[in-house]
Each structure stands twice: as C-alpha cells, then as structure tokens.
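No experiment lies behind these values; they were computed from the predicted model shown. The figures here come from the full heavy-atom set of this structure, side chains too, leaving out hydrogens, waters and symmetry mates. Just follow the structure's listing: the first ligand is 1, and inside any ligand the first atom is 1.
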Amino acid sequence: MSISQFNYSTIPFEAEALRAEVRAFISEALRDYPAVKRAYSWMGFDADFSRLLGEKGWLGMALPKRYGGAEASPFTRYVVIEELLAAGAPVSAHWIADRQSAPLLLRFGTDYQKEKYLPPICRGESYFCIGMSEPNSGSDLASIKSSAERVGDGWVVNGQKVWTTNAQHSHYMIALLRTGDKEESGRHGGMSQFIIDLSLPGVTIRPIADLAGGEHFNEVFLDNVQLDACALVGEEGNGWGQVTAELAYERSGPERFLSSIAVLHTALQAIGTSADALQSREIGRITARLLTLRNMSLAVTRQLAEGQNPAWAASCVKDLGNVFEQELPEILQLLVEEQPLVGSGTDHAQVLAYLIQMAPSFSLRGGTREILRGIIARGLGLR
Ligand SMILES: Cc1cc2nc3c(=O)[nH]c(=O)nc-3n(C[C@H](O)[C@H](O)[C@H](O)COP(=O)(O)OP(=O)(O)OC[C@H]3O[C@@H](n4cnc5c(N)ncnc54)[C@H](O)[C@@H]3O)c2cc1C
C-alpha cells in the first residue's frame with residue numbers, strides 16, 4: 001500500500017505487527033516500575049532504558065540504515081511510541097533527539113553532521129534539547145536576541161535560552177540564533193540553527209524547579225561559546241523555515257494527548273469491574289475522544305511522511321490534545337472517590353496529585369493555546 005492510499009484511521013499491517021513485541025518488552029522491562037513514575041510520561045528519565053530501546057532498534061527507526069536507523073515507516077515508529085507512552089515508560093532521555101533533532105538533521109544537515117550525530121541517537125546514547133525560547137521571547141519567537149557572530153572560520157555565540165527541557169542531561173542543543181540584522185533581514189529572516197555541544201566552555205546550565213518540585217527545564221547561558229563552521233545546521237538565514245518544519249514534528253505526536261494517560265489506568269483500577277452508569281458513560285466519552293485524537297495525529301503523521309509541512313494541522317492536534325490531557329485528571333477526580341495526595345495514599349491518589357500539578361504546563365510547552373489557535377485560524381484563511 002502506498003502512503004497516499006493509506007486510510008489514516010488504520011495503521012498499516014507491517015507496522016501493527018510490531019505492537020505485540022513492543023508491548024511484551026515494555027511489560028517485562030518495567031515490571032516493577034511504580035504508577036507515580038509512569039505519570040511522568042515522556043518526562044521520565046532513564047538512560048539505561050533509552051539504551052535498551054536503542055539495542056532493540058526502536059530509536060531513529062525511520063532513518064536510513066547507514067545512519068543506524070531501520071528505514072521503517074513513520075507508522076512503525078508511531079506504534080512504538082504509542083506503546084511507550086501508554087505504559088508511561090521513561091523516554092525523556094532520547095525523546096527530543098528521536099522525535100525532532102534526528103529528522104531535522106536528516107533533512108537539513110550536512111553529510112558530516114548526519115554521520116556524526118545520527119548513529120548515537122539511534123543507539124540511545126546521545127540526547128538533544130531545543131534552544132528556542134528566551135527571556136521575553138517565547139510566543140514571539142522571531143524576537144530572539146541570542147546571536148551567533150562569524151569569527152574567522154567559525155562562530156561565537158552569546159545570549160540566553162530558557163525553559164530548555166533536559167538541557168542538564170543533554171549532550172547537544174539545537175539552538176535558534178540571530179545571525180543577521182533584524183531590520184535588514186525582515187521579521188523572519190536573519191536567524192539560523194546551530195548544534196551547540198553543551199560541554200563547551202562558556203555554556204552554563206541552571207535547572208528551574210517546576211510546580212511538582214521536579215527539575216525538567218533549565219536556563220542556559222551562552223557566553224562567548226566558540227563553534228566550528230560545521231555547527232551551522234542548514235542554510236544561514238533559513239532558521240525560521242527550519243524551525244517551523246521542526247515544530248510540526250513537535251506538535252502532532254501521541255505525546256500531545258497521552259501526557260496524563262496514567263491517571264486513566266489508575267482510575268480504571270480503582271473502579272474495577274463495578275462501574276456505575278455515570279462512570280461507564282464518562283469512560284466511554286474519554287475513549288471516543290482518545291480515538292478521535294489518535295486518528296487526527298495519524299493523519300498528520302501521514303502528511304509528514306509525504307513530505308508536506310502540516311503546520312496548522314499539527315497545531316490542531318496539539319491544541320485539542322492538550323485540552324483533553326488537561327481535562328482528564330479533572331474528570332477522573334470527579335469520577336473516583338479519592339482525593340489527590342502527594343507522596344502517600346493509593347496509586348490513584350498520588351498519580352492524580354502529580355498530574356493536577358503538571359497539567360497546566362501541557363498547553364504552554366511546545367507553543368501556547370492562543371498561539372496555536374492563531375496558526376489554525378491562519379490555516380483556515382480566517383486571518
Ligand atoms: C514544561 C515546559 C517545557 C518547555 N520546554 C521548552 C524547550 O525545551 N525549549 C524551548 O525553547 N522552550 C521550551 N518551553 C517554553 C515554551 O515554548 C514557552 O513557554 C511558550 O512558547 C510560551 O512562551 P512564554 O513562556 O515566553 O510566554 P509568553 O509568550 O510571554 O506568553 C504569555 C501568555 O500570553 C499569550 N500570548 C502571547 N502572545 C500572544 C498573541 N500574539 N496572541 C494571543 N496571546 C498571546 C500566550 O498564549 C500566553 O498565555 C517549555 C515550556 C514549558 C512550560
């Protein structure tokens with residue numbers, strides 16, 4: 001079946017065939033993994049687990065074999081990540097590298113960059129973070145001030161990034177930096193992407209505590225960081241176009257509606273086999289919403305596989321998915337008679353407490369609700 005004949009609501013048989021093996025592997029590898037850690041979802045960090053996935057050949061799956069990939073269809077990768085997310089597996093070490101840095105480098109990187117960076121990503125040994133946001137430049141990303149200045153054969157970088165997920169654990173950041181004058185280059189010109197080795201002199205990383213006390217994101221200070229010429233990704237000045245393409249990968253995957261799925265599992269355990277009419281109806285509604293979001297996410301996966309840039313469709317998936325994953329803990333709190341508790345109580349009480357604290361961030365990370373709705377409106381020709 002060619003991709004254009006693909007019915008987006010079903011996953012091709014060859015991809016689906018892997019599901020049982022992935023599920024069995026996760027079930028064995030995470031046999032004793034506690035429910036409250038499963039609630040961390042794609043924020044759960046475990047370098048050994050990432051390496052195990054690399055050994056199984058389940059990272060960088062869609063990449064060419066010469067770079068360590070499996071040349072698998074994006075739907076095969078979809079099956080793997082869907083199973084990992086549904087189980088709450090600790091995937092954060094490799095998540096950004098596998099989801100967006102590797103496809104970005106494959107598309108825009110030089111041969112040298114592909115040879116150097118892609119194989120360790122596929123082995124689950126190399127972690128990347130996203131250096132887009134800055135103090136005062138989040139939604140209005142085009143206003144970034146951090147810069148890379150040409151000096152000799154290389155570049156010198158100065159500035160500050162913020163909210164950088166996993167910078168403290170990552171080997172590299174792909175940073176959007178100003179390389180040209182804003183006045184001369186136009187609002188979206190004069191920006192370029194660079195790979196910054198985070199062990200270089202001049203890089204300082206300071207974790208920021210989140211509402212639940214975890215340290216997932218960071219401030220990253222870049223003070224006269226010297227980069228080789230080969231740190232530039234893609235064309236100088238084309239950073240905006242590249243970032244926009246990257247965001248479609250960031251906004252359309254099942255992680256945009258499965259972040260709080262752990263609470264559905266603990267709620268179902270608490271309800272057991274004696275659901276009353278209200279519980280049955282609400283669980284039915286949740287299931288219907290999940291299936292709809294999954295179909296939409298698969299449709300964007302298809303568009304990406306066909307080489308399109310489905311920016312506004314991906315924004316639709318993220319916005320509707322975020323609404324769902326934010327509402328899920330609230331709905332299930334009303335449905336099960338247990339109060340959220342931090343650090344004690346049943347699995348459900350603890351998972352609920354964690355997700356109630358984290359849920360507000362779901363519609364901020366990766367682009368806020370208001371910004372996504374603006375993109376959707378533009379895609380629909382409404383603005
Ligand atoms: C958990 C988490 C992880 C993150 N990880 C990363 C990361 O790894 N790398 C990275 O680069 N960034 C990361 N971010 C940053 C994230 O992308 C930004 O927080 C987001 O883009 C919003 O930017 P801001 O915080 O500067 O808010 P602002 O842009 O100041 O927005 C504040 C409020 O104003 C609204 N607003 C702004 N402009 C408009 C407008 N034109 N129209 C209508 N409303 C508007 C916004 O929707 C928002 O509600 C992360 C954020 C979170 C919460």
Side-chain angles (χ1 to χ4, degrees), residues 39-45 91-101 104 127-146 157 159-178 187-188 191 193-196 198 203 205-222 239-240 242-244 246-251 253 255-256 259-260 311 314-315 318-319 321-323 325-326 354-378 382-383:
Y40 296 170
S41 185
W42 46 291
M43 288 291 105
F45 186 97
V91 292
S92 108
H94 65 265
W95 190 256
I96 288 166
D98 176 66
R99 176 183 70 187
Q100 69 195 80
S101 314
L104 179 90
Y127 318 143
F128 279 65
C129 60
I130 305 164
M132 294 189 196
S133 306
E134 296 183 5
N136 303 318
S137 298
S139 303
D140 186 12
L141 189 59
S143 68
I144 54 155
K145 292 195 174 61
S146 297
V157 176
Q160 186 195 338
K161 295 291 172 181
V162 73
W163 313 124
T164 321
T165 300
N166 269 351
Q168 76 274 46
H169 302 301
S170 295
H171 304 97
Y172 304 103
M173 168 194 278
I174 298 195
L176 182 68
L177 300 171
R178 190 151 290 291
R187 184 170 156 71
H188 292 148
M191 286 176 273
Q193 284 187 300
F194 290 85
I195 302 180
I196 301 182
L198 294 173
V203 177
I205 299 171
R206 245 181 7 214
I208 308 172
D210 64 30
L211 204 60
E215 290 183 340
H216 297 294
F217 44 30
N218 299 265
E219 293 177 292
V220 181
F221 299 90
L222 305 162
W240 187 259
Q242 293 176 198
V243 156
T244 321
E246 184 182 341
L247 285 174
Y249 288 98
E250 191 179 341
R251 290 178 173 162
E255 73 271 29
R256 295 307 180 184
S259 303
S260 49
S315 298
K318 181 176 181 305
D319 183 37
N322 290 164
V323 170
E325 57 185 15
Q326 285 180 329
Y354 176 76
L355 286 169
I356 286 172
Q357 293 175 89
M358 295 309 286
S361 71
F362 298 165
S363 58
L364 298 174
R365 61 185 184 188
T368 66
R369 172 162 297 143
E370 291 74 19
I371 294 306
L372 297 176
R373 290 182 182 175
I375 295 170
I376 296 164
R378 194 172 297 119
L382 300 176
R383 67 186 275 247

Inset, instruction - Verify, without hydrogens or angle tests, whether S137 (side chain) and E134 (backbone) share a donor-acceptor contact under 3.5 angstrom. - result: no
Legend entry - Polar contact flag, side-chain donor to acceptor under 3.5 angstrom, S139-E370: no
Inset, instruction - List the atom of R187, the atom of A142, and the distance in Å for their closest heavy-atom pair. - result: O-CB, 3.7 Å
Legend entry - Within 6.0 angstrom of D140 CG, more than 12 heavy atoms from elsewhere: yes
Legend entry - Every residue of the protein that comes under 4.0 Å of ligand 1, judged on heavy atoms: I130, M132, S133, G138, S139, W163, T164, T165, F217, L364, R365, G366, T368, E370, I371
Inset, instruction - Report the relative orientation of the aromatic rings in H171 and Y127; use parallel for angles under 30°, tilted for 30 to 60°, perpendicular for over 60°. - result: tilted
Inset, instruction - Examine distances only and state if a side-chain atom of R251 and a backbone atom of A311 form a donor-acceptor pair shorter than 3.5 Å. - result: no
